[in-house]
Amino acid sequence: MMYRDSEAPIRDVLIIGGGTAGWMTAAYLAKAFGHLVKITLIESPRIQKIGVGEATTPNLQKILFDFLGIPEQEWMMEVNGSFKAAIKFVNWRKREVGAPDNYFYHAFGVLPNVNGIPLAHFWFHETLGKGEPFGYACYRQPLLLDALRSPRFMDGTPAMPSAWHFDAHLVANFLMRWATARGVQRILDEVQHVRLDSQGAIAAVETTDGLSLSADFYIDCTGFRGLLINGALGEPFFHMKDQLFCDSAVAAAIPHDDEALGIEPYTSAIAMKAGWTWKIPMLGRFGSGYVYASDFADEDEAMRDFCQLWGLQEADTNFNRIRFRTGRNRRAWVKNCASIGLSSCFLEPLESTGIYFITAAIYQLAKHFPTRAFDPMLIDQFNREIEYMYDDCRDFVQAHYFITNRDDSAFWLANKNELQLSDSMREKIAQYKAGLPVNPSLSSDNDYYGSFENEFRNFWTTGNYYSIFAGMGFLPERPYARLAYEPEQVQEAQWLFAQIKQQQKRLCAELPSTYEYLSHLHRETDSAARSPALAISHKEARS
Ligand code: TRP
């Protein structure tokens with residue numbers, strides 16, 4: 001037994017920080033444990049929230065919003081939501097002078113397979129990489145994305161797996177209203193001092209207004225500051241700048257004529273001289289930011305290249321300058337304090353893992369939620385899950401920089417020559433080159449997105465590896481040997497390729513444009529009708 005000598009339930013949880021991580025955690029815990037546990041969140045009225053236009057992954061609906069009971073259309077309306085069915089990687093391949101931009105899509109969803117062998121292997125077996133590009137041959141999406149089709153039919157029925165873009169402030173605000181309506185107590189105040197007990201656990205937090213607040217369990221959602229986990233508890237943060245060089249960003253919101261130009265249903269990641277620029281289409285504007293390595297470009301230079309990309313005038317644009325720390329805490333949960341969000345770990349946003357890390361951590365926290373005994377097994381297990389999730393994503397993002405053949409600046413050369421790859425990533429690359437499957441086969445989108453356990457451990461599927469590797473022109477050295485013995489399966493794969501073509505054509509004709517869908521969804525209606533989730537039933541209300 002560690003802190004309190006009892007297997008009795010936690011009585012109260014204190015969440016520090018009212019950004020996206022804080023309010024997502026508060027809402028989830030209220031739903032999961034609110035009938036027994038008192039949940040309080042302290043939010044500083046002064047500290048700025050980091051949240052910018054944010055991109056997510058498809059599991060957000062199942063892990064978070066389905067759990068809360070809020071349908072997609074409903075929360076999208078509240079948060080300026082738009083769709084993200086893929087990431088479009090622009091100019092990640094070497095470009096000859098005067099050549100047009102090159103690009104490929106990294107689409108969501110699990111590849112079709114034949115008897116457990118993902119279609120990717122048949123694609124390479126058939127074409128040796130010299131025929132139709134991987135994405136267009138194996139996924140329905142790329143053709144539809146080029147045509148700016150909506151990932152949903154007009155009635156909301158999904159046509160392809162999709163994630164979302166949204167304004168993170170609005171998500172925090174929406175969940176704040178949802179959670180406080182369900183009994184979460186919100187305190188507007190600021191933590192000034194954290195008091196430890198004799199065993200080094202957190203005893204109380206003291207605020208600017210003179211309050212002393214204590215709880216059985218503390219959740220640190222204080223962003224990069226890590227006020228409790230790093231500050232008070234002194235847990236070391238593992239910096240990983242030698243594994244991913246980018247450490248800064250300059251960002252802005254840029255007006256956009258949706259009606260004339262349409263809305264892109266994807267995030268773009270445009271490679272630049274010392275990093276890359278995101279483009280996140282929202283309504284009437286897009287969010288964009290140049291993520292760069294300060295060792296390779298100073299702020300003025302980054303600003304200049306960013307302005308040049310979009311034709312911005314430096315003088316009349318509002319810029320957001322961001323510094324970030326790449327890495328994770330040695331342990332995400334220490335004693336009676338778990339960290340969630342930026343206070344726990346951060347990876348540059350190339351594969352939109354930020355919100356995923358938050359929802360995954362909340363899910364794991366609920367799964368390993370302790371009693372007052374704080375069983376060390378639960379803590380260790382939670383920490384192992386977070387560590388695995390983070391390191392696996394870091395490896396995958398790192399591989400983008402390692403695999404690209406760009407060599408036109410000191411930044412890209414350093415990525416080629418100086419990166420330290422993990423052993424497991426080296427092994428995956430070797431398997432890929434040998435034509436072998438890099439991951440266990442998954443049978444369908446439904447199985448995949450339906451089972452969180454399966455998904456956390458296999459977040460990057462064979463389709464994800466092929467999208468990036470083949471998309472960048474990095475091909476296996478030979479086809480999967482086994483296919484030499486499987487003429488019937490090869491034939492079945494050919495049938496699947498033809499199916500994909502047909503579906504592309506049919507969906508392209510049937511789906512509305514993303515602009516049509518979103519302008520319909522976000523059309524003016526009175527706000528009472530817009531937020532049924534906030535109108536809670538008597539039964540749901542706690543006090
Ligand atoms: N397995 C994840 C998913 O499909 C992979 C993923 C994360 C991904 N971020 C992505 C796929 C961005 C495409 C684009 O949800």
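We use all heavy atoms of the structure for the numbers below, so side chains are in, but hydrogens, waters and symmetry mates are not. Atoms within a ligand are numbered from 1 in the order they appear, just like the ligands themselves.
Applying the 4.0 Å criterion to heavy atoms of Ile87 picks out, from ligand 1, the atoms 12 (C), 14 (C). Heavy-atom contacts of Phe108 reach the following atoms of ligand 1: 3 (C), 4 (O), 6 (C), 8 (C), 9 (N), 10 (C), 11 (C), 12 (C), 13 (C), 14 (C), 15 (O) (cutoff under 4.0 Å). Ligand-side atoms of ligand 1 in range of Trp460: 5 (C), 6 (C), 7 (C), 8 (C), 9 (N), range being under 4.0 angstrom from any heavy atom.
Checked by atom type, the side-chain pair His368/Glu385 shows no donor-acceptor distance below 3.5 Å.
Across Ser288 and Phe306, no two heavy atoms sit closer than the pair OG-CE1, 3.4 Å.
Here the two rings, on Phe396 and Tyr465, have centers that are under 6.0 Å apart. In summary, the aromatic rings of Trp23 and Trp178 are positioned with their centroids too far apart to meet the 6.0 Å limit. Tyr401 and Trp92 have their aromatic ring centers within a separation under 6.0 angstrom. For an aromatic pair to be called close, the ring centres must be under 6.0 Å apart, and Tyr105 with Tyr139 fails this.
Taking only nitrogen or oxygen atoms, main chain and side chain alike, Thr57 does not reach within less than 3.5 Å of ligand 1.
Looking at Asn59 against ligand 1, nothing comes within 4.0 Å, counting heavy atoms. With a heavy-atom cut-off of 4.0 Å, Pro161 does not touch ligand 1 at all.
Ligand 1 does not have Ala86 within reach: every non-hydrogen atom of the residue lies 4.0 Å or more from it. Residue contacts with ligand 1 do not include Thr461, since none of its heavy atoms lies under 4.0 Å from the ligand.
Counting only heavy atoms of the protein, atom 1 (N) of ligand 1 lies nearest to Phe459 O, 2.4 Å. Looking only at protein heavy atoms, the nearest one to atom 9 (N) of ligand 1 is Glu351 O, 3.1 Å. The closest protein non-hydrogen atom to atom 3 (C) of ligand 1 is Tyr449 OH, 3.4 Å.
Not a single donor-acceptor pair under 3.5 Å links the side chain of Asp167 to the backbone N or O of Gly53.
Just one of Glu351, Lys279, His165 meets the side-chain hydrogen bond (donor to acceptor under 3.5 Å, both in side chains) condition when paired with Thr267; it is His165.
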